[in-house]
Novice: 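I'd like to ask you about the structure that follows.
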Amino acid sequence: MLKHFHHVAVICGDYARSKAFYTEVLGLKIIAENHRPERDSWKLDLALPGGGQIELFSFPDAPPRPTRPEAQGLRHLCFSVGDLDRAVAELEAKGIAVEPIRVDPHTGARFTFFADPDGLPLELYEDRPPPSPARKDKGRPKAGRPISSPG
């Protein structure tokens, strides 16, 4: 039924500030930008690397996010990166506050959070191959199998 993730929609408080953040700070490419005068609203379609999109909307007088991050609904957006330390350094060089890097106790993966201009939590997740499972029988033949055929 489902083929792949297509997009997530984000409503921003200051369109120009959010557009600059997503395009200049995060480096997302603009697919389309449309003003909808009947709604006094902008819609910006942004391409995510590897597929998918972010739709950035502006609406007059949209209420702010009620809590961070534990409100019902969307909790955060997560982007995979190859080198978390480098990504954090790039964000900090652009003046973006980034939380300390943490390690997921279940997967061993490294991740961190920062926020968009409206306080929407954004996560960076280090995309690395999972560690190979340790074999307890390494170097020994499996039970029931001969080491070599009789010759």
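Position 1 is the first residue of the sequence, and the numbers go up from there. All values below come from the heavy atoms of this structure, side chains included, with hydrogens, waters and symmetry mates left out.
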Novice: Please identify each residue that fulfils side-chain contact (heavy atoms from CB on, under 4.5 Å) with A89, with sequence neighbours left out.
Specialist: none
Novice: Over 60° means perpendicular and under 30° means parallel, so tell me whether F113 and H76 are parallel, tilted or perpendicular.
Specialist: perpendicular
Novice: Which residues satisfy the side chain to side chain donor-acceptor pair (under 3.5 Å) test with D118, sequence neighbours excluded?
Specialist: R17, S18
Novice: Check for a donor-acceptor pair, side chain of D104 on one end and backbone N or O of G108 on the other, with a separation under 3.5 Å.
Specialist: no
Novice: Are Q53 and I31 close enough, and set up right, to give a side chain to side chain contact (heavy atoms under 4.5 Å, CB included), and what steps lead you there?
Specialist: CA-CA 9 Å; Q53 299 174 22; I31 299 169; 3.6 Å; yes
Novice: Would you mind listing the cluster partners of I11? Hydrophobic ones only (ILVMFWY), side-chain contacts under 4.5 Å, chaining allowed.
Specialist: F57, F59
Novice: Could you list the residues that satisfy side chain to side chain donor-acceptor pair (under 3.5 Å) with H35, not counting sequence neighbours?
Specialist: none
Novice: How would you list, by chain and number, every residue that makes a side-chain contact (heavy atoms from CB on, under 4.5 Å) with V88, sequence neighbours excluded?
Specialist: L84, E92, V98, I101, T112
Novice: According to side chain to side chain donor-acceptor pair (under 3.5 Å), who are the partners of E33, at least two apart in sequence or on a separate chain?
Specialist: Y15, K19
Novice: Which residues satisfy the salt bridge (Lys or Arg N to Asp or Glu O under 4.0 Å) test with K94, sequence neighbours excluded?
Specialist: none
Novice: May I have the list of side-chain donor-acceptor pairs in residues 40-51 shorter than 3.5 Å, sequence neighbours left out?
Specialist:
| unit_1 | atom_1 | unit_2 | atom_2 | d |
| --- | --- | --- | --- | --- |
| S41 | OG | R36 | NH2 | 3.2 |
| S41 | OG | S58 | O | 2.6 |
| K43 | NZ | D45 | OD1 | 2.6 |
| K43 | NZ | D45 | OD2 | 3.0 |

Novice: Supply the atom-to-atom distance I30 CD1 to Y22 OH, rounded to the nearest 0.5 angstrom.
Specialist: 14.0 Å
Novice: R39: which residues meet the side chain to side chain donor-acceptor pair (under 3.5 Å) condition with it, sequence neighbours left out?
Specialist: none
